[in-house]
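Just so we're on the same page: letters track the sequence lines, and every chain starts at 1.
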Amino acid sequence: MKHWLMKSEPDEFSIDALERVRTEPWSGVRNYQARNFMLKDMKVGDPILFYHSNCAVPGVVGIAEVASAPYPDPTQFDPKSDYHDPASKPDEPRWWLVDVGFQRKFKRTVSLEELKAQAEAFGDFALLRRGNRLSVLPVTPAQFKRILSME
DNA sequence: GCCAACGTTGGC
DNA sequence: GCCAACGTTGGC
């Protein structure tokens, strides 16, 4: 079982929004590395750290899980969608996603600032790499556990 | 709102 | 295949 971290801008889709809808198709990922994690490496039931980005206090705010096998992101074929990709063909979809299911919301935000303060204990962590912009990234079991212990 | 970092595009 | 231009991400 692999562990993951997925970023979302709370203005767009927050942990509270996920708690309300329970399950959300993770549409709109348009980065090949992030897509490949969803398409090739995720399995139903894998734990996910839910991360709020681009906000006052960026950080991990809760736990979700992979809730479906990968399937083509429908927004790529929708001309009205911001995520429309005219170059993608229905018989050969370029963008794939998984459903993300709510597990629980943290009592408090484990902030990026706190994570950075422990950067050494985390070792190599994609989230803390300089200039990191990946919105879907792998987390080791030890890193996952450490973040849970910081709640 | 600024801007550094990074991915993608397209001309050559 | 190189690389400049451009667009986006995301912390601050």
**Asked** Got a sec, which residues hit side chain to side chain contact (heavy atoms under 4.5 Å, CB included) with Glu113(A), two or more places apart in sequence or on another chain?
**Response**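 Expected list: Ser111(A).
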
**Request:** Quick one: list whatever passes salt bridge (charged side-chain N to carboxylate O under 4.0 Å, His left out) with Lys105(A), sequence neighbours left out.
**Result:**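 Lys105(A) satisfies salt bridge (charged side-chain N to carboxylate O under 4.0 Å, His left out) with Asp16(A) once adjacent residues are dropped.
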
**Request:** For Arg104(A), check salt bridge (charged side-chain N to carboxylate O under 4.0 Å, His left out) against everything at least two apart and list the hits.
**Result:**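 Salt bridge (charged side-chain N to carboxylate O under 4.0 Å, His left out) list for Arg104(A), sorted by chain: Glu151(A).
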
Which pairs with one or both residues in [range] pass side-chain hydrogen bond (donor to acceptor under 3.5 Å, both in side chains), sequence neighbours excluded?
| range | answer |
| --- | --- |
| residues 34-50 of chain A | Trp4(A)-Asp46(A) |
| residues 56-78 of chain A | Arg30(A)-Asp73(A), Arg30(A)-Thr75(A), Tyr71(A)-Asp99(A), Asp73(A)-Thr75(A), Gln76(A)-Ser88(A) |
| residues 5-15 of chain A | Glu9(A)-Asn54(A) |

**Request:** Could you identify which residues of residues 124-136 of chain A place a heavy atom less than 4.0 Å from some atom of DNA chain B, listed by residue number, or say none?
**Result:**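 Arg130(A), Gly131(A), Arg133(A), in order of number.
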
**Asked** Near DNA chain B, under 4.0 Å by heavy atom, which residues of residues 109-122 of chain A?
**Response**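 Those residues whose heavy atoms fall under 4.0 Å from DNA chain B, taken from residues 109-122 of chain A, amount to none.
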
**Prompt:** Contact boundaries of DNA chain C with chain A (under 4.0 Å, heavy atoms), 5' to 3'?
**Reply:**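 Span of nucleotides near chain A: dG7(C) to dC12(C).
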
**Prompt:** In terms of the nearest nucleotide of DNA chain B, which residue is placed more toward the 5' end: Asn54(A) or Gln33(A)?
**Reply:**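 Looking at DNA chain B, the more 5' nearest nucleotide goes with Asn54(A).
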
List the atom pairs, with distances to 0.1 Å, where a side-chain N or O of residues 122-134 of chain A and a protein N or O form a donor-acceptor pair under 3.5 Å, not counting sequence neighbours.
residue   : atom : partner   : partner atom : Å
Asp124(A) : OD1  : Arg129(A) : NE           : 3.0
Asp124(A) : OD1  : Arg129(A) : NH2          : 3.3
Asp124(A) : OD2  : Arg129(A) : NH2          : 3.0
Asn132(A) : OD1  : Leu134(A) : N            : 3.1

**Prompt:** Is there a donor-acceptor pair under 3.5 Å between the side chain of His52(A) and the backbone N or O of Phe13(A)?
**Reply:**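 Pair absent, no side-chain N/O of His52(A) close to backbone of Phe13(A).
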
Give the table of side-chain donor-acceptor pairs shorter than 3.5 Å for residues 19-28 of chain A, with sequence neighbours excluded, one pair per line with atom names and distance.
residue  : atom : partner  : partner atom : Å
Arg22(A) : NH1  : Glu19(A) : O            : 3.1

**Item:** Residue list, side-chain hydrogen bond (donor to acceptor under 3.5 Å, both in side chains) with Gln143(A), at least two apart or on another chain
**Value:**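 Testing Gln143(A) for side-chain hydrogen bond (donor to acceptor under 3.5 Å, both in side chains), a comparison that skips the adjacent residues, returns Thr140(A).
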
